[in-house]
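Scroll down for the structure; my scribbles are underneath it.
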Amino acid sequence: MKAAVVRETPDGYVDLIDDWQPRQLSFGEALVDVEYCGLCHTDLHVAGGDFGNPNELGQRNGKFRRVIGHEGVGRVAKLGEGASDYLKVGDRVSIAWFYDACGGCEFCITGNETFCRNVRNSGYTVDGAMAQQVVVNAKYAVKVPEGLDPMEASSITCAGVTMYKSLKVGETKPGQWVSVHGAGGLGNLAVQYAHSVFGAHVAVVDGNPDKLEAAHQNGAEVLINRKQPGINVAQEIQKATGGVHNAQVTAVNDAAFSQAVNALRPMGKLVAVALPQGDMSLNIAKTVLDGIEVRGSLVGTRQDLSEAFQFGAEGKVKPIVERVDFRDINDVVDEMKKGKITGRKVFDFTSL
């Protein structure tokens, strides 16, 4: 069975192996035949060991290699004892970054389950979806509506729900202005959810003309190429919008965070989504005198994902996806590192 695993010494790339076998099912678990899995920037962090060596987490016997991937969609092939309370064979389900949690702590019982201190994450602390089969916790695997294209659903499983939730965190309201800093896989879906679901106006910042054009096609009204000589991104946003009500930072560079803060109107909210290395600097005077709020947003709960899927099934959101060959995964890693991908490249496991 084929799978993409983190290298023994993580270097940002993966090895493709042919003899992968998923673990045996425990109580409440299900085995899923993976159909599609997208590549997320978080996968690059995992493959690079940026969060610690994932091969050292949850080791089984002897040498261990973590399977990456958390933008997965597939059909349930087998149920473990207790799993039939939640799923049946044939159900199409998600394999998301939020794999499961303890279910009983203050975060779990208050609708903030992604912040559980005992959370497990697909493709990091447990094996992920970049394989022909994967084990899921049946209680936490969210069903995909049959009216939603499964390849498109794979992007909503991570990028879509992440941005849907972050717009909630930013308290986005109809008619408000939202700025999206970075128009890649996350940013393009941020534009769609902001425009088509929340009814907001959208300004987008990116250095890639193709990504800006895609954002425009999906509802963005203000387009700013940050690579244009002499441009001051924050000033341009302020001039066009009067200052945005919330700024969504999806770009993996610290400069985007500074631009986002300065693009806000008084009492605006900066929502941090991307995970560049290093620290974020804030203009203290602006933060205090304008009542700026800085919030972090971490993927989404099962309920968030169910809602995000439904908007996709209704046609309000349509992820930009491109089918690619599993054997080309490290080439796709290079493309992602260079910021060349508009939307998501999705690996097709149905053809293996």
Side-chain angles (χ1 to χ4, degrees), residues 22-23 25-38 40 67 69-103 108-109 111-114 116 119-123 126-165 168 189 192-193 196-197 298-319 321 344 346-350:
R23 69 176 187 274
L25 296 180
S26 297
F27 184 88
E29 293 184 332
L31 184 67
V32 175
D33 290 331
V34 177
E35 296 175 300
Y36 300 99
C37 185
C40 171
V67 178
H70 57 272
E71 290 195 349
V73 167
R75 295 278 190 182
V76 174
K78 184 179 179 182
L79 298 172
E81 183 182 356
S84 60
D85 291 342
Y86 306 100
L87 299 174
K88 64 179 184 300
V89 171
D91 281 345
R92 177 173 281 143
V93 297
S94 64
I95 305 101
W97 175 252
F98 176 56
Y99 179 87
D100 68 8
C102 78
C108 287
I109 65 176
N112 298 295
E113 59 191 9
T114 57
C116 174
V119 69
R120 293 194 292 176
N121 301 117
S122 299
V126 294
D127 288 318
M130 204 67 78
Q132 288 179 277
Q133 287 188 323
V134 63
V135 174
V136 299
N137 183 329
K139 187 176 180 179
Y140 286 81
V142 178
K143 294 181 184 178
V144 179
E146 287 298 331
L148 179 58
D149 181 287
M151 195 159 75
E152 294 178 3
S154 69
S155 286
I156 295 176
T157 295
C158 180
V161 70
T162 294
M163 298 317 305
Y164 175 62
K165 180 55 175 277
K168 282 186 174 182
L189 283 165
Q192 294 191 50
Y193 278 102
S196 300
V197 175
L298 177 63
V299 292
T301 64
R302 285 168 287 176
Q303 182 60 36
D304 293 323
L305 180 52
S306 180
E307 293 171 10
F309 274 153
Q310 187 57 38
F311 289 122
E314 292 172 4
K316 294 180 180 177
V317 173
K318 188 173 179 60
V321 293
R344 273 287 191 264
V346 179
F347 299 96
D348 181 0
F349 284 85
T350 67

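Keep in mind that this is a model prediction, so the values were computed, not measured.
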Problem set entry | Qualifying residues under ring pair (Phe, Tyr, Trp, His ring centres under 6.0 Å), relative to Phe309, sequence neighbours excluded | none
Exercise. Which heavy atom of Thr301 sits nearest a heavy atom of Glu113, and at what distance?
Worked result: CB-OE2, 3.4 Å
Exercise. Atom CZ of Arg344 and atom SG of Cys37: how far apart are they, to the nearest 0.5 Å?
Worked result: 10.0 Å
Exercise. Judged by atom type as modelled, is there a donor-acceptor pair below 3.5 Å linking the side chain of Asp127 to the main-chain atoms of Val67?
Worked result: yes
Problem set entry | Between CD1 on residue Ile156 and OG on residue Ser306, distance to nearest 0.5 Å | 11.5 Å
Exercise. Do the ring planes of Tyr164 and Tyr193 sit parallel (below 30°), tilted (30 to 60°) or perpendicular (above 60°)?
Worked result: tilted
Problem set entry | Any Thr114 side-chain heavy atom under 4.5 Å of Val119 side chain | no
Exercise. How far apart are the closest heavy atoms of Val135 and Pro22, and which atoms are they?
Worked result: CG2-CB, 4.1 Å
Exercise. Any chance NZ of Lys139 has more than 12 other-residue heavy atoms, nucleotides or ligands included, within less than 6.0 Å?
Worked result: no
Exercise. Any side-chain heavy atom of Glu71 within less than 4.5 Å of one from Tyr36?
Worked result: no
Problem set entry | Contact summary for Leu25 and Leu79, nearest pair of heavy atoms | CD1-C, 3.9 Å
Problem set entry | Spatial distance of atom CG (Leu305) from atom CD (Gln310) [nearest 0.5 Å] | 11.5 Å
Problem set entry | Flag side-chain contact, heavy atom, 4.5 Å: Asp100 against Val126 | no
Problem set entry | Pairwise distance CZ(Arg75) to CG(Leu87) - rounded to 0.5 angstrom | 12.0 Å
For this session: May I ask you to establish whether Arg302 and Phe98 are in a cation-pi arrangement, using a distance under 6.0 Å from NZ or CZ to the six-membered ring centre and at most 45° from the ring axis?
Result: no
For this session: Could you pull out the closest heavy-atom pair between Glu35 and Gly74, with the gap in Å?
Result: OE1-CA, 3.7 Å
For this session: Kindly indicate, with the supporting measurements, whether the criterion side chain to side chain contact (heavy atoms under 4.5 Å, CB included) is fulfilled by Val93 and Val32.
Result: CA-CA 8 Å; Val93 297; Val32 175; 3.8 Å; yes
Problem set entry | Expected output: side-chain Ser155 to main-chain Met151 donor-acceptor under 3.5 Å | no
Exercise. Do the charged groups of Lys316 and Glu307 touch, with an N to O distance under 4.0 Å?
Worked result: no
For this session: Output yes when a side-chain donor or acceptor of Ser94 lies under 3.5 Å from a complementary backbone atom of Val142, and no otherwise.
Result: yes
For this session: Please check if atom CD in Glu81 has more than 12 non-hydrogen atoms from other residues, nucleotides or ligands closer than 6.0 Å.
Result: no
For this session: Nearest 0.5 Å please: distance from the CE atom of Met163 over to the CG atom of Asp304.
Result: 12.5 Å
Problem set entry | Backbone of Ala96 reached by a side-chain donor or acceptor of Ser122 within 3.5 Å | yes
For this session: Can you see which heavy atom on Val34 is nearest to which on Ala129, and at what distance?
Result: CG1-O, 3.5 Å
Exercise. Shortest non-hydrogen contact from Met130 to Phe349?
Worked result: C-CZ, 3.7 Å
Problem set entry | Distance-only side-chain donor-acceptor flag, Asp33 / Gln133, under 3.5 Å | yes
Exercise. Are Lys165 and Val299 side-chain neighbours, meaning at least one heavy-atom pair lies under 4.5 Å?
Worked result: no
Exercise. When rounded to the nearest 0.5 angstrom, what distance separates CG in Asp149 from OG in Ser154?
Worked result: 8.5 Å
Exercise. Can you check whether Val321's main-chain N or O pairs, donor with acceptor, with Glu152's side chain at less than 3.5 Å?
Worked result: no
